[in-house]
A.B. asks: 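The structure under discussion is supplied below as structure tokens; questions concerning it will follow.
Note: hydrogens, waters and symmetry copies are ignored here, and every other heavy atom, side chains too, is used. For ligands, and for the atoms within them, numbers begin at 1 and follow the listed sequence.
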Amino acid sequence: MKYVSTRGQAPILDFEDVLLAGLARDGGLYLPESWPVLDRDTIGSFAGRPFHEVAAEIVGRFTGGAIAQADLSRMARDAYSVFGHAATTPLVQIAPGVFVLELFHGPTLAFKDVAMQLLARLMDHVLEKRNQRATIVGATSGDTGGAAIEAFRASKRVDVVILYPHGRVSDVQRRMMTTPVEANVHAVAIDGTFDDCQALVKGMFNDHAFRDRVALAGVNSINWARIVAQVTYYFVAATALGAPHRQVSFMVPTGNFGDVFAGYAAKRMGLPIDRLGIASNTNDILPRAHATGVYDMRGVVATSSPSMDIQISSNFERYLFEAGGRDTATVRGQMQSLAQSGRFEVGGAMEAWRQEFEAASASEAEVADAIRHVQGDSGYLMDPHTACAWVALGKSQLRRVAPDVILSTAHPAKFPDAMEAITGIRPGLPPRLANLLTDPERIARLPNDLAAVQRYVETKANERVP
Ligand SMILES: *Cc1c(COP(=O)(O)O)cnc(C)c1O
């Protein structure tokens with residue numbers, strides 16, 4: 001299977017190169033040349049199977065045979081053995097016809113573990129085969145950094161350096177990055193904002209000599225393998241609720257559009273999904289674009305669901321490419337307009353987008369109300385990201401014909417301050433994380449200075465070369 005860039009001017013690559021490359025050289029994102037489609041019997045056979053078995057089957061459809069199926073099965077079994085629930089991603093019913101898909105049973109209590117745990121194993125496998133090493137550099141506003149450090153801490157071939165804004169992530173989020181003791185993972189507090197951290201990462205990727213010297217690789221949400229790994233839970237949840245004999249709808253707390261795009265991919269692969277819902281918080285660029293046809297950037301507002309506090313929804317470019325008939329010239333024009341003026345017209349992709357998706361945002365007051373209301377009615381405690389999806393579902397204009405699944409992307413204990421402010425109760429960490437708040441931390445602190453950060457990254461990468 002081959003992969004093409006949304007901007008049409010990068011080399012066509014196979015799965016392994018796409019896995020290591022992340023972003024395409026023309027600035028675009030990679031997508032498969034054509035979608036693998038599963039027949040109804042295959043989809044039906046997923047019902048009741050262990051999560052890791054379905055994961056190996058799904059990912060296997062995208063590798064083009066580059067990774068042996070037995071290796072894939074072993075990596076998937078390994079990746080999901082670290083989850084704290086036997087079902088990996090259990091479904092919980094909270095109202096008539098409404099289910100919560102809990103994606104937060106991984107080591108860092110957010111859904112990013114589902115993809116990152118498998119991605120780390122896939123990368124190690126490919127690097128081992130090629131006898132290469134790689135250095136992952138990433139910026140995080142909270143969840144991605146911890147998930148990456150947790151996933152790669154056992155890696156023999158990858159060094160990870162995560163930059164986060166000093167003093168601007170929660171204690172739980174910081175400790176998930178700073179308490180792992182392995183020598184290949186590094187959390188760096190930058191004297192600056194999240195945007196500064198992102199600019200430093202971009203600066204490192206744009207310095208091609210540096211990029212080659214340390215074999216820079218990316219694991220942010222535009223990495224195609226992360227999206228593929230997320231497709232699994234759409235199949236697992238839908239078949240548990242009666243697919244392919246019955247349609248299912250999903251409402252997804254959305255930031256960078258990676259998670260909901262995985263749902264779109266599942267639909268293209270033959271899963272009978274009725275509606276895909278985009279739920280945002282106050283940072284509602286996608287619901288506004290869905291209503292008006294104009295994607296228009298504004299400043300970011302801090303909310304109780306910080307992982308969705310975004311200005312640019314990177315993976316939306318993948319959907320523009322698909323819904324616009326894979327017209328790369330149009331995508332290039334839209335992205336150029338975004339870079340120049342902070343806005344673009346969704347244009348010809350609009351009709352498909354309105355048909356296949358719905359979108360709504362949740363205000364801070366609505367999120368707090370929803371958390372209290374659901375807890376009172378059913379005893380179920382949702383985190384603020386999940387609550388955005390509950391609110392968006394309530395605003396849905398469409399007739400409900402299918403069971404609705406709300407994706408729960410974080411455990412409430414990951415955001416104890418917000419939860420305490422809303423409910424009056426501070427949720428406790430699961431027992432397996434009992435030592436997180438007392439384990440010693442290891443933090444490097446660096447100025448917001450590209451040269452200083454590059455020196456640090458190169459030193460750390462060189463220390464580990466055998
Ligand atoms: C990353 C994240 C999201 C947003 O997911 P996208 O794939 O970026 O749309 C939502 N909730 C939580 C808790 C997250 O960590």
A.B. asks: Using ring centroids (six-membered ring only for Trp), state whether Phe357 and Tyr319 fall under 6.0 Å.
C.D. replies: yes
A.B. asks: Looking at Asp124 and Arg121, does any basic side-chain N land under 4.0 Å from a carboxylate oxygen?
C.D. replies: no
A.B. asks: Are any side-chain N or O atoms of Asn283 and backbone N or O atoms of Val301, one a donor and one an acceptor, separated by less than 3.5 Å?
C.D. replies: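 Present.
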A.B. asks: Taking only Lys NZ, Arg NE, NH1 and NH2, and the carboxylate oxygens of Asp or Glu, determine whether Asp383 and Lys414 approach each other closer than 4.0 Å.
C.D. replies: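 Looking at Lys414 together with Asp383, the answer is no, because their closest N to O distance does not fall below 4.0 Å.
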A.B. asks: Could you check whether any heavy atom of Phe111 sits closer than 4.0 Å to an atom of ligand 1, since that is the contact criterion I want to use?
C.D. replies: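 So Phe111 counts as touching ligand 1.
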A.B. asks: So is Ala110 polar-close to ligand 1, meaning N/O to N/O under 3.5 Å?
C.D. replies: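 No; the residue has no nitrogen or oxygen that sits under 3.5 Å from a nitrogen or oxygen of the ligand.
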A.B. asks: Hey, is ligand 1 close enough to Met308 that some N/O pair sits below 3.5 Å?
C.D. replies: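 N/O-N/O distance below 3.5 Å does not exist for this pair.
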A.B. asks: Which is closest to atom 6 (P) of ligand 1 by heavy-atom distance: Asp383, Asn256, Asp309?
C.D. replies: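 Looking at heavy atoms only, the winner is Asn256.
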A.B. asks: Say whether Ser221 and ligand 1 are in contact under the criterion: heavy-atom distance to a ligand atom below 4.0 Å.
C.D. replies: no
A.B. asks: Around atom 11 (N) of ligand 1, find the nearest protein heavy atom and jot down its residue, atom name and distance.
C.D. replies: Thr409 OG1, 2.8 Å
A.B. asks: May I ask you to identify, for Lys414, whether its side chain, its backbone, both or neither come under 4.0 Å of ligand 1 on a heavy-atom basis?
C.D. replies: neither
A.B. asks: Nearest protein heavy atom to atom 2 (C) of ligand 1, by residue and atom, and its distance?
C.D. replies: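 Of the protein heavy atoms, Lys112 NZ, 2.5 Å lies nearest.
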A.B. asks: Taking only Lys NZ, Arg NE, NH1 and NH2, and the carboxylate oxygens of Asp or Glu, determine whether Arg61 and Glu57 approach each other closer than 4.0 Å.
C.D. replies: yes
A.B. asks: Which ligand 1 atoms, with their elements, are less than 4.0 angstrom from a heavy-atom of Ala410?
C.D. replies: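 Those qualifying, in numeric order: 13 (C).
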A.B. asks: Just to confirm my output: which protein heavy-atom neighbour is closest to atom 7 (O) of ligand 1, and how far is it?
C.D. replies: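 Atom 7 (O) of ligand 1 sits closest to the protein heavy atom Asp259 N, 2.9 Å.
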A.B. asks: Check whether more than 12 heavy atoms from other residues, nucleotides or ligands sit under 6.0 Å from atom CZ of Arg25, and answer yes or no.
C.D. replies: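 Atom CZ in Arg25 is not packed in, count stays at 12 or less.
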A.B. asks: Please state which part of Asp143 comes within less than 4.0 Å of ligand 1, counting heavy atoms only: side chain, backbone, both or neither.
C.D. replies: side chain
A.B. asks: Tell me whether Gln230 has any N or O atom under 3.5 angstrom from an N or O of ligand 1.
C.D. replies: no
A.B. asks: Please confirm whether Tyr80 and His52 have ring centers closer than 6.0 angstrom.
C.D. replies: no
